[in-house]
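Let me begin by presenting the structure, written as structure tokens, before commenting on it.
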There are 2 protein chains.
Amino acid sequence: MDIKTKLISAAESLFDRHGFTATGIDRLTQAAGMSSRTLYKHAGSKHSLIAKVLSERDKRFLRRLDVSSVDALFKALEDWVRVEGCRGCLFLRAYGETGGDVPEIAEVMAAHKAGVWSKIQEIIALETNGRGNEQLAEQILILFEGATATAIYRGADAVATARHCAVRLVKQASS
Amino acid sequence: MDIKTKLISAAESLFDRHGFTATGIDRLTQAAGMSSRTLYKHAGSKHSLIAKVLSERDKRFLRRLDVSSVDALFKALEDWVRVEGCRGCLFLRAYGETGGDVPEIAEVMAAHKAGVWSKIQEIIALETNGRGNEQLAEQILILFEGATATAIYRGADAVATARHCAVRLVKQASS
DNA sequence: TTCAATGTAAAACGATCACTTTACATTGTC
DNA sequence: GACAATGTAAAGTGATCGTTTTACATTGAA
């Protein structure tokens with residue numbers, strides 16, 4: 001595995017498991033199996049490393065959401081949660097830990113949310129033949145966020161509940 | 001104002017604004033206008049201070065949710081978000097920053113979520129004359145969490161959207 | 001075979017971390 | 001007027017923070 005990939009994936013799991021601020025450079029270098037000099041050569045700074053981690057996660061996440069129905073969308077989220085664990089949205093967590101004061105991080109968060117939002121809008125347009133409005137899409141988004149958050153303390157089943165609810169809303173809007 | 005109250009309220013706003021780990025003791029003592037000796041006399045430790053802050057917030061939050069309809073529940077959340085700001089659920093943020101590894105914090109989070117959950121169950125039972133099931137209540141919970149999370153980057157309007165959705169779900173279950 | 005690139009190990013940087021201690025001032029109470 | 005309680009200011013604890021530096025090994029291409 002490429003050394004930069006190894007760093008970013010080691011960092012992602014440490015950040016996810018222990019939080020961003022609480023994870024020090026020492027633990028990162030140790031987990032990635034490299035010297036701090038090499039880490040800084042590739043990452044530039046800790047904030048930049050966080051941004052890179054989020055950026056990679058964004059790609060991986062949206063690739064999983066490459067579906068064309070609300071049902072499949074929430075199935076994809078359920079898969080993600082079961083495979084990657086349910087510790088909440090890593091983007092919102094990074095944003096919260098840094099108070100929204102780190103531009104690199106705030107921007108990646110905003111870009112990620114914009115990506116999810118446009119994917120949902122696309123699916124809704126597809127499933128309702130354009131009958132679905134902006135409000136329906138936002139309801140689906142809220143269920144999506146809610147499932148992610150609720151899964152932290154109620155487990156992956158919460159995502160299934162959100163799925164049933166979302167599917168019903170779309171059905172009602174299309175009929 | 002009582003000195004302990006002052007500490008806890010100063011700590012709450014700093015934690016909310018800048019994150020838990022990123023907020024040091026120096027900043028806390030400065031904002032609360034007291035020496036570190038006094039802080040430790042009252043709080044015991046930083047983790048304990050976090051737990052106390054969350055515990056007080058839990059009381060204040062649930063007091064606001066003393067309503068008897070889903071509509072009023074989300075109106076209360078909307079008020080909260082407009083008054084206190086929308087930086088996400090502080091309990092989940094504390095839990096995430098500490099990786100769930102600090103018992104005092106994990107317990108306060110769990111207690112808070114249990115409180116919200118039973119409040120929602122109570123409202124659903126009330127509004128559906130017992131016709132509403134566990135699944136409906138969980139859908140409302142997910143909308144509640146989703147509104148809180150979505151409001152971070154889409155503002156308080158997301159809560160209004162969640163409200164309309166929740167009210168509709170309850171209506172459909174009661175008719 | 002030399003040179004630049006890329007890595008390592010480890011020490012050092014000053015700052016800040018959570019937390020404790022020492023020494024002293026102000027109170028209200030018996 | 002002695003005493004315990006409760007506060008302050010400020011220095012000191014050792015550990016850890018993010019980051020840089022020094023010194024050296026390995027490697028692949030010119």
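Note on naming: letters A, B, ... go to the chains in the order of the sequence lines (proteins, then strands), and numbering restarts at 1 for each one. Note that the coordinates shown come from a computational prediction; the quantities given were computed from them, not determined experimentally.
In this structure, A/R27 atom CZ and D/dT19 atom C1' are separated by 19 Å, rounded to whole Å. Atom C1' of nucleotide C/dG7 and atom CD1 of A/I3 are separated by 7 Å, given to the nearest angstrom. Atom-to-atom, NZ of A/K46 to P of D/dT19 comes out at 8 Å; the value is rounded to the nearest Å. Rounded to a whole Å, the CD1 atom of B/I25 is 12 Å from the C1' atom of C/dT20. In this entry the distance linking CG of B/D26 with C1' of C/dT16 reads 8 Å, nearest Å. Residue B/E97 contributes atom CD, which lies 12 Å from atom P of C/dA18 at whole-angstrom precision. Counting to the nearest Å, the P atom of D/dT19 and the NZ atom of A/K41 are 16 Å from each other. Note: CG (B/L28) to P (C/dA18) measures 8 Å, nearest angstrom.
The side chain of A/S45 lies closest to D/dT19, out of C/dT8, C/dC19, D/dT19. For A/S35, taking side-chain heavy atoms from C-beta onward, the closest of the listed nucleotides D/dT19, D/dT8, C/dA9 is C/dA9. Closest contact between the side chain of B/Y40 and the listed nucleotides D/dG18, C/dT20, D/dG7 involves C/dT20.
Ion pairing between A/R17 and A/E12 fails under the 4.0 Å rule for side-chain N and carboxylate O. Using a cutoff of 4.0 Å between basic side-chain nitrogens and carboxylate oxygens, B/E78 and B/R82 are scored as salt-bridged. With respect to the salt-bridge test (charged N to carboxylate O, under 4.0 angstrom), the residues A/D79 and A/K75 do not qualify.
Taking for each of A/A22 and B/G33 the nucleotide of DNA chain D with the nearest heavy atom, the 5'-most of the two is the partner of B/G33.
Using a 4.0 Å heavy-atom criterion, one finds that A/G44 contacts no nucleic acid atom at all. In this structure, A/H47 reaches neither bases nor backbone, as no heavy-atom distance under 4.0 Å exists between it and the strands shown. In this structure, B/T23 reaches the sugar-phosphate backbone alone: every heavy-atom distance under 4.0 Å involves primed, P, OP1 or OP2 atoms, never a base.
B/H112 pairs in a ring pair (Phe, Tyr, Trp, His ring centres under 6.0 Å) with only one of the listed residues (B/F61, B/W117, B/Y95), which is B/F61.
Atom NZ of B/K6 sits in a sparse spot, with 12 or fewer heavy atoms from other residues, nucleotides or ligands closer than 6.0 Å.
A donor N or O paired with an acceptor N or O is found under 3.5 Å between the base of D/dT20 and the side-chain atoms of A/S36. Taking 3.5 Å as the limit, the base of C/dT22 and the side chain of B/R37 contain a donor-acceptor pair of atoms between them.
Not one side-chain nitrogen or oxygen of A/H42 sits closer than 4.0 Å to the OP1 or OP2 atom of C/dT6.
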